[in-house]
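Single-structure report; data block below.
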There are 2 protein chains.
Amino acid sequence: MARLAGVSQSAVSRTFTPGASVSPVMREKVVAAAAALGYQPNLIPRIMATGRSEIIAVAAGGFYNPYFTDILEVLVQMLRDAGKQMMLVHTESDLALDGVVSELARYRVDAVVTPLSIRSRSVADALNALRIPIVTLNAGVTGGLIRAVISDSETASARAAQLLCRAGGTRFGYIGGPESPQQNLREQGFARQLSIRGVHEYARAIGNFDYDGGYRAALQLFEQGRPDAIYCMNDLAALGAMDAIRSRLGLRIPEDVLIMGYDNIAMSQWPTYDLSTFDQDKPAIVRAVLAQLGETAPQLAPIRIPASLIERRTTSRSTEVA
Amino acid sequence: MARLAGVSQSAVSRTFTPGASVSPVMREKVVAAAAALGYQPNLIPRIMATGRSEIIAVAAGGFYNPYFTDILEVLVQMLRDAGKQMMLVHTESDLALDGVVSELARYRVDAVVTPLSIRSRSVADALNALRIPIVTLNAGVTGGLIRAVISDSETASARAAQLLCRAGGTRFGYIGGPESPQQNLREQGFARQLSIRGVHEYARAIGNFDYDGGYRAALQLFEQGRPDAIYCMNDLAALGAMDAIRSRLGLRIPEDVLIMGYDNIAMSQWPTYDLSTFDQDKPAIVRAVLAQLGETAPQLAPIRIPASLIERRTTSRSTEVA
DNA sequence: TTGAAAGCGTTACCAC
DNA sequence: GTGGTAACGCTTTCAA
């Protein structure tokens, strides 16, 4: 009610609306009054009047994975720079997504961003029915209001196969996660490149995206044979695998076993691990997400963000130099 | 406008208000109509009418520290269970807090939760002036609308000194973080217990709460002397210290150096580290925060949540058994 | 450029 | 137990 201190509410509204026409005199009066009263316009009625909240919801889970929390941090910062607020909800599976989104809809959030993969057409349909734009940071079903920004896993994974071969790998292993689009893309990219190079077989084990999963998967891999070059679909699992290989199996890395991950989480560069991996350009990913938030026309294809190879000690076997 | 499908808006409002008096018949009619139209009450006008948003804001930084993201995860889940939403904003320093909170105020958030320590009276005053309840997960200035829920650092740190002595430590070291209330409490608790045990000197080095800080601090510690028992104010720094001690200094843990941390982050139990530490009971902490959100009377003293000792290999020297 | 007035979709209060 | 009606504090449209 800052309008007691000057003129009409229209004037106040206009001074606080970016591109409105107010005379300098008017604006000055209003600003002075606002400062005196410590007045700040309430955003709630604005949302009601305009239908836009400037709130972006993020539905995420897996906070144990530094990759997700890194993305979350970049996202929360860039959203704020873009003048938007973030509402955060915890969601473990895409199956729960439509429930979460419909709840969020009641707050009139402008869009939902999620690292979850939308795995089925039925979930996608339920989501589209809610009429809220969704940007997923994962491969999966898209179309309608669902858009995707993904890491270019196939290209990177082919590169991994290449590097492991060059570094002297001869018996390959792959540690993946539960069935999911990214899991499949990474394994395919890896397998294809291997087969181009004449390697048509490799051991595989499925972990759970986390450290323990990688630890167990590595042991399984060695029950099947004696791989000397392992590609893991994410760093956290790779670190678990490294520990299993070193402490449980008593093998050396990279001398006995080469290993690579994906994500470039902070721990991967700790000297104990010094893991070769692919860096996902988080700012680029988030920028792409923000750009998608502005778009309205259905997306033709997911935006692919290239990942860059980070070579560290786990792939630098001396034979390479020899 | 589900009211086209039955009766008055008051009736609709009542069916969607938990403790309201509606006849089963009425409720049935409304629910049916809502289901048919896919109607869900818009929460924005409700906020405007009631003044309560059921939104709790969280102002946090330091996502690189798993302790914070663990707390965040528990918080986001429990808030939801309590029927509230979380708005997340990134904030590195308490100095920025009043700016952030006043911005949040425009969304009519019910309260702000932050792991940041409110270090000065002037920041506290500025915050109180905004008339928004604040719960900090850290020691510091409280009073007015500012409440605190903290880990009982002093007791735990005394316990650390005790354990390191019993395990055979004779020359002590402490790795802390930048000046902050928790840093001081942990160092004091540790130092006091040492001095009770007749140890009046210890080496100290200041890191930066993170891995690199701990790594460098450990090296500094060993430039000052040759400590054989080190207490770190948090796990992340302890892990950095462990790597420095092992790879750079070539010493063994626990044979040559005992070490302890605080927080019990996931990585501390990885076999490579197997770090003794203090577990902060995150659900208990968050429950206490939620309880504080309901309180209105000024808080007399910060709520202290005990931390429990987790003994692992880094403090189990064989001399202990001897 | 400015002011008046009508909405926005709820809740809250008051009769019935 | 129910319906009517006045807020809530903005934006928007329309005249001046």
Side-chain angles (χ1 to χ4, degrees), chain A residues 1-55 83-85 102-110 130-132, chain B residues 1-55 83-85 102-110 130-132:
Chain A
M1 301 247 95
R3 43 215 54 148
L4 302 180
V7 282
S8 80
Q9 27 178 325
S10 314
V12 179
S13 176
R14 279 188 275 259
T15 37
F16 287 106
T17 304
S21 60
V22 218
S23 68
V25 202
M26 184 83 249
R27 151 162 276 123
E28 175 58 30
K29 260 202 288 190
V30 177
V31 170
L37 278 68
Y39 168 84
Q40 281 214 290
N42 181 343
L43 291 179
I44 301 300
R46 177 203 295 253
I47 299 173
M48 177 155 54
T50 63
R52 302 205 72 221
S53 62
E54 302 296 327
I55 298 174
K84 300 183 188 304
Q85 295 294 330
S102 84
E103 192 173 314
L104 254 11
R106 305 181 57 191
Y107 278 95
R108 295 295 180 261
V109 300
D110 294 338
L130 297 171
R131 315 248 41 111
I132 305 232
Chain B
M1 299 251 97
R3 44 214 56 147
L4 302 179
V7 282
S8 79
Q9 23 181 327
S10 313
V12 179
S13 176
R14 280 187 276 259
T15 34
F16 288 105
T17 305
S21 60
V22 216
S23 68
V25 202
M26 183 86 249
R27 151 164 275 123
E28 176 57 30
K29 260 202 286 190
V30 177
V31 169
L37 278 68
Y39 167 83
Q40 282 214 286
N42 181 344
L43 291 179
I44 301 299
R46 176 203 296 252
I47 300 173
M48 178 157 57
T50 62
R52 303 207 71 221
S53 62
E54 303 295 328
I55 298 174
K84 300 181 189 302
Q85 295 294 329
S102 84
E103 192 174 312
L104 254 11
R106 303 181 58 194
Y107 277 96
R108 295 295 180 262
V109 301
D110 293 339
L130 296 171
R131 315 245 42 109
I132 305 235

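The figures that follow rest on heavy atoms only: side chains count, while hydrogens, waters and symmetry mates do not.
Listed by chain and residue number, nothing satisfies the salt bridge (charged side-chain N to carboxylate O under 4.0 Å, His left out) test with A:Glu28 (two or more places apart in sequence, or in another chain).
End-to-end axis angle for the helix from C:dT1-D:dA16 to C:dC16-D:dG1, using five pairs per end and rounding to 10°, comes out at 30°.
Counting only heavy atoms from C-beta outward, the side chains of B:Tyr107 and B:Ile47 never approach each other to under 4.5 Å. In this structure, the side chains of A:Gln85 and B:Arg106 stay at 4.5 Å or more apart for every pair of heavy atoms.
For the pair A:Glu54 CD and D:dC10 P, the computed distance is 17 Å after rounding to whole Å. Residue B:Arg52 contributes atom CZ, which lies 14 Å from atom P of C:dT11 at whole-angstrom precision. Straight-line distance from the CZ atom of B:Arg108 to the P atom of D:dC8: 13 Å, rounded to whole Å. Atom P of nucleotide D:dT11 and atom CD1 of A:Ile44 are separated by 12 Å, given to the nearest angstrom. If you take CG of A:Leu43 and P of D:dT11, they are 9 Å apart, rounded to a whole angstrom. For the pair A:Asn42 CG and D:dT11 P, the computed distance is 10 Å after rounding to whole Å. Taking atom CD1 of B:Ile47 as the reference point, atom C1' of C:dT11 lies 13 Å away to the nearest angstrom.
Residue A:Arg46 holds its CZ atom at 6.0 Å from OG1 of A:Thr17, rounded to the nearest 0.5 Å.
When all heavy atoms of B:Asn42 and B:Ile44 are compared, the closest pair comes out as OD1-N, 2.9 Å. When all heavy atoms of B:Tyr39 and B:Pro41 are compared, the pair lying nearest together is OH-CA, 3.4 Å. When all heavy atoms of B:Asp110 and B:Ile132 are compared, the closest pair comes out as O-CG2, 4.4 Å. A:Arg27 and A:Arg14 make their closest contact through NH2-O, 4.4 Å (heavy atoms, listed as atom of the first residue, atom of the second, distance).
At most 12 non-hydrogen atoms from other residues, nucleotides or ligands lie less than 6.0 angstrom from CZ of A:Arg131.
In terms of phosphate contacts, A:Tyr39 brings a side-chain nitrogen or oxygen within less than 4.0 Å of OP1 or OP2 of D:dC10.
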Can you check nucleotides 2-5 of chain D for protein contacts, nitrogen or oxygen pairs under 3.5 Å, and list what you find?
from, atom 1, to, atom 2, distance (Å)
D:dT2, OP1, B:Ser23, OG, 2.5
D:dT2, OP2, B:Ser23, N, 2.7
D:dT2, OP2, B:Ser23, OG, 3.2
D:dG3, OP2, B:Ser8, OG, 3.3
D:dG3, N7, B:Arg14, NH2, 2.6
D:dG3, O6, B:Arg14, NH1, 3.4
D:dG4, N7, B:Ser10, OG, 3.1
D:dG4, O6, B:Ser10, OG, 2.8

